[in-house]
Each structure stands twice: as C-alpha cells, then as structure tokens.
K.L.:
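I have a structure I would like to understand better, so I am pasting it below and will then ask my questions one at a time.
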Amino acid sequence: MASSGKRAGSRRGPRQSGGVNKTALALAVGITLCVVAWGYLVYLAIDFGTSARSGESGSWALLALASIGAIACLFTGLLLIARLMRTLGITAPPDDEPSEPAPPRVPGGRRAAR
C-alpha cells in the first residue's frame, strides 16, 4: 500500500554494496604478516642470544639483526593497525588546523593577566 502525500517516499534505504573492502583486507593481511614475522624474529633473537652466551661470537651480530628486524616488524604492524582503524571509520583522520585558535598570550605570565 503506497501512500501519497507531501512526505511520502520509499521506506527503503539506499542499497549497500555487498562487496569486500579490499583496502581493509589488504591491511589485515599485512598486519598478520607483520605479527608472524615479529614472532619468528623474536624466536630467532632468543635462539641467537642463547648461542651467543655459550661462546659463539658470530651470534651477537645475528642477535642484533634479529632484534632490529623484530622492532621494525612490530612498528610497521602498529602503523598498519592505525591505518586499518582509519579505513574502517573507527578513528578519524587528524585535522591539519586546530578548530579553535589559541588565545593570545599576555606578556608577564598568569599574574599579569589578572
């Protein structure tokens, strides 16, 4: 039953696209790869640390490389998480300009402003 009148219209909203958000999917895959690589590099760093303490001098350099790689993977994963949150609309992008300008400073500090 269709009503006619000034405010009559379709009761249905606009059709939602049923597709997959490819950007969010790519970011999720990147986050997963970073976390897996981070875990493996931490495992290697522990292994190299054990062998370095037992007397193998070459393991110290490999320990340092594995540690730096683990730090880089974790940092990259956190950046990808932030970008995924923005893509999904959970967080908003930062504003380039502040919404309200700061009040002018009074010379002399707080006491002079009274």
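Just so it is clear, the model here is predicted, and its values are computed rather than measured. Atoms considered below: every heavy atom in the structure, side chains included; atoms not considered: hydrogens, waters and symmetry mates.
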K.L.:
State plainly whether one hydrophobic cluster holds both Leu84 and Val20, where clusters connect Ile, Leu, Val, Met, Phe, Trp and Tyr through side-chain heavy atoms under 4.5 angstrom apart.
P.N.:
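Not linked; separate clusters.
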K.L.:
State the OG1-CD1 distance between Thr76 and Ile81, to the nearest 0.5 angstrom.
P.N.:
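Those atoms lie 11.0 Å apart.
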K.L.:
When you group the ILVMFWY residues by side-chain heavy-atom contacts below 4.5 Å and let the links chain together, are Met85 and Val35 in the same group?
P.N.:
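Val35 and Met85: one cluster.
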K.L.:
How far does CZ of Arg86 sit from OG1 of Thr23, to the nearest 0.5 angstrom?
P.N.:
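Those atoms lie 13.5 Å apart.
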K.L.:
State plainly whether one hydrophobic cluster holds both Leu27 and Leu78, where clusters connect Ile, Leu, Val, Met, Phe, Trp and Tyr through side-chain heavy atoms under 4.5 angstrom apart.
P.N.:
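Yes; Leu78 is reachable from Leu27 via cluster members.
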K.L.:
Is there a chain of hydrophobic side chains (I, L, V, M, F, W, Y, each step under 4.5 Å between heavy atoms) that links Ile46 to Trp38?
P.N.:
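Shared cluster, yes.
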K.L.:
If every non-hydrogen atom of Leu41 is compared with every non-hydrogen atom of Cys73, which pair is closest and at what distance?
P.N.:
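Closest heavy-atom pair between Leu41 and Cys73: CD1-SG, 3.9 Å.
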K.L.:
Would you give the length of the straight line joining atom CG of Leu62 to atom CG of Asp47, rounded to the nearest 0.5 angstrom?
P.N.:
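Reported to 0.5 Å precision, the distance equals 10.0 Å.
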K.L.:
Show the nearest heavy-atom pair for residues Gly77 and Ile31, with the distance to one decimal.
P.N.:
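So the two residues come closest at O-CG1, 4.2 Å.
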K.L.:
Honestly curious: do Ile68 and Leu79 fall in one hydrophobic cluster under the side-chain, below-4.5 Å linking rule?
P.N.:
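Shared cluster, no.
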K.L.:
Before you tell me yes or no, could you show the steps for Leu63 and Trp60 under side-chain contact (heavy atoms from CB on, under 4.5 Å), namely the whole-Å CA-CA distance, both residues' side-chain angles and the distance that decides it to 0.1 Å?
P.N.:
CA-CA 5 Å; Leu63 169 65; Trp60 288 107; 3.8 Å; yes
K.L.:
To the closest 0.5 Å, what do you measure between CG (Leu65) and CZ (Phe48)?
P.N.:
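Between Leu65 CG and Phe48 CZ, I get 9.0 Å after rounding to 0.5 Å.
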K.L.:
Would you indicate whether the side-chain heavy atoms of Cys34 and Leu74 approach each other to under 4.5 Å?
P.N.:
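The answer is no; the side chains never approach within 4.5 Å.
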